[in-house]
> 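The structure that follows is given in the form of C-alpha cells.
Below, chain A is the first sequence line, B the second, and so on; all start at residue 1. No experiment lies behind these values; they were computed from the predicted model shown.
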Amino acid sequence: MAAQYTSPPDRMAYFEQVWEIVRQIPAGRVSTYGRIAAYLPPPKGMSEQAYRVRGPRMVGGAMAACPADVPWQRVINAQGKVSLRQGEGGEAQRVLLEGEGVEFDDKDRVDLSIYLWNGPSREWLIEQGLLEKP
DNA sequence: TCCTTGACTCAGA
DNA sequence: CTCTGAGCCAAGG
C-alpha cells in the first residue's frame, strides 16, 4: 500500500514500480540499480537511450524516497559495493546485509556471482503487466 | 531562469 | 585495481 499522492507525477508511478520489484528481492540476496532499472520500461516520454543512462540513477532516487517496507539495503551498485558515503547510512546498509548473511570481502565488496538475485519470475512480470503474456 | 547535483554504468588509461 | 569522463534528465536552490 503506497502513500497517497495528491498530484501523481509519472516519476512517482515509476518509483512505485521500482519499490514493488525491490520488495521481491529475498533476504540474503542483492541486486543492482542497473538491473532493477532494466526490469522496467522507461517512464512515459523518456527514450530508450535516455533511460539506459538515467535508469540506474532513477532507481537510486526511488531508494532515497522508499517507504519503510522496502528492503532498500539489498540494492547495491554494479561493482558490488554499497553506494552510500560514510555518515549517510552506508555502514547501516552493510550491517543490515551482513545480518541477512551477505558477506563483504576485504575491499568492502559483495561477490555478485554468489549473492546476485536472479530477478523476478516471468509469471510475476506478466502479473505486473511488465511483460506480454505469450 | 540558470546552475548544481545526484543511493549509476561502462569503456579507457 | 583505481581513476576519469561521458551519457542524460529532473528537482531544488
> Side chain of A/Q73, backbone of A/Q93: donor and acceptor closer than 3.5 Å?
no

> What's the CG-P distance between A/N77 and B/dT9, to the nearest Å?
5 Å

> Between A/W72 (CH2) and B/dC8 (C1'), how many Å, whole number?
17 Å

> State which of C/dT2, B/dA7, C/dC8 makes the closest approach to the side chain of A/K107.
C/dT2

> Write down the atom of A/Y14, the atom of A/G55, and the distance for their closest heavy-atom approach.
OH-O, 4.2 Å

> Tell me whether the side-chain N/O atoms of A/R109 come closer than 4.0 Å to OP1 or OP2 in C/dC1.
yes

> On the six-membered ring of A/F104, is A/R109 placed so that its NZ or CZ lies under 6.0 angstrom from the centre and within 45° of the ring axis?
no

> Return the minimal non-hydrogen interatomic distance between A/Y51 and A/M46, and the atom names on each side.
CA-SD, 3.6 Å

> What distance, rounded to whole Å, do you find between the two P atoms, one in C/dA10 and one in B/dC10?
22 Å

> Do any side-chain nitrogens or oxygens of A/Q93 fall under 4.0 Å of OP1 or OP2 in B/dA7?
no

> By the 4.0 Å heavy-atom rule, please label A/A78 as base, sugar-phosphate, or nothing.
sugar-phosphate

> Looking across every strand, which nucleic acid part, if any, lies under 4.0 Å from A/S47 by heavy atom: base, sugar-phosphate, or nothing?
nothing

> Give a yes or no on whether a salt bridge exists between A/E48 and A/R52, defined as a side-chain N under 4.0 angstrom from a carboxylate O.
no

> Which part of the nucleic acid, if any, lies within contact of A/Q49, taking any heavy atom under 4.0 Å across all strands shown: a base, the sugar-phosphate backbone alone, or nothing?
sugar-phosphate

> Without decimals, in angstroms, what is the distance between A/R57 CZ and B/dC10 P?
14 Å

> Could you please name the option among C/dA10, C/dG7, B/dT9 that lies closest to any side-chain atom of A/R11?
C/dA10

> Take the protein atom CZ of A/F15 and the nucleotide atom C1' of C/dC9, then report the distance between them rounded to whole Å.
12 Å

> Rounded to whole angstroms, how far apart are CZ on A/R52 and P on C/dC9?
12 Å

> In whole angstrom, what separates A/Y14's OH from C/dC8's P?
17 Å

> Quick one: A/K81 NZ to C/dC3 C1', roughly how many Å, whole number?
11 Å

> In whole angstroms, how far is the C1' atom of B/dC10 from the CD atom of A/Q79?
9 Å

